[in-house]
Amino acid sequence: VTNKMCPFAQRAWLALEESGLQYALRECQLYPKPQWLLEINPRGKVPVLVEGGRPLVESEAILDAIAQKCPALAGNPADAEAMSQWRRAVNDE
């Protein structure tokens, strides 16, 4: 679930595009929030990745899930700690 105006949803969409994984894109309005979005994510935020009937929210978690399915996007596993440190630094600023 995405919205073109949301940068967090855009990065999840770009990762899906680059991964080559099959997916169905469903766009929604953010205001007012549609009831079906609130049923998937009670916080009403996008992006949401629904896989096997289970929603995954928060763009970083979605990016991690995509990277697990597409190792070419994950980078070098040895760099995982460095990537985690950068992520914390960026998010804490």
side-chain contact (heavy atoms from CB on, under 4.5 Å) assessment of W36 paired with R26: CA-CA 11 Å; W36 62 265; R26 185 169 183 187; 3.4 Å; yes
CA sep, side-chain torsions, deciding dist, call: V46, T2, side-chain contact (heavy atoms from CB on, under 4.5 Å): CA-CA 6 Å; V46 294; T2 190; 5.6 Å; no
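If you chain together hydrophobic residues whose side chains sit under 4.5 Å apart, I66 and L14 fall into the same group. No chain of hydrophobic side-chain contacts below 4.5 Å, direct or via other Ile, Leu, Val, Met, Phe, Trp or Tyr residues, connects L30 to I62. L25 is not connected to L37 by any chain of hydrophobic side-chain contacts under 4.5 Å among Ile, Leu, Val, Met, Phe, Trp and Tyr, and they are in different clusters. Hydrophobic cluster membership is shared by V57 and V50, with clusters built from Ile, Leu, Val, Met, Phe, Trp and Tyr side chains linked at under 4.5 angstrom.
Contact check for V48 versus P55: side-chain heavy atoms found under the 4.5 Å cut-off. Residues R11 and L63 are in side-chain contact: their nearest non-hydrogen atoms beyond the backbone lie under 4.5 Å apart.
N3 places a side-chain N or O within 3.5 Å of a backbone atom of C28 that can act as its donor or acceptor partner. With E27 contributing its side chain and V1 its backbone, the two residues share no donor-acceptor pair below 3.5 Å.
Note: L21 CG to L16 CG = 6.5 Å, rounded to the nearest 0.5 Å. Here the CD1 atom belonging to I40 is positioned 12.5 Å from the CG atom belonging to L56, to the nearest 0.5 angstrom.
In plain terms, the two heavy atoms of L38 and G44 that are nearest each other are CD2-CA, 3.7 Å.
Atom NZ of K33 has more than 12 heavy atoms from other residues, nucleotides or ligands within 6.0 Å.
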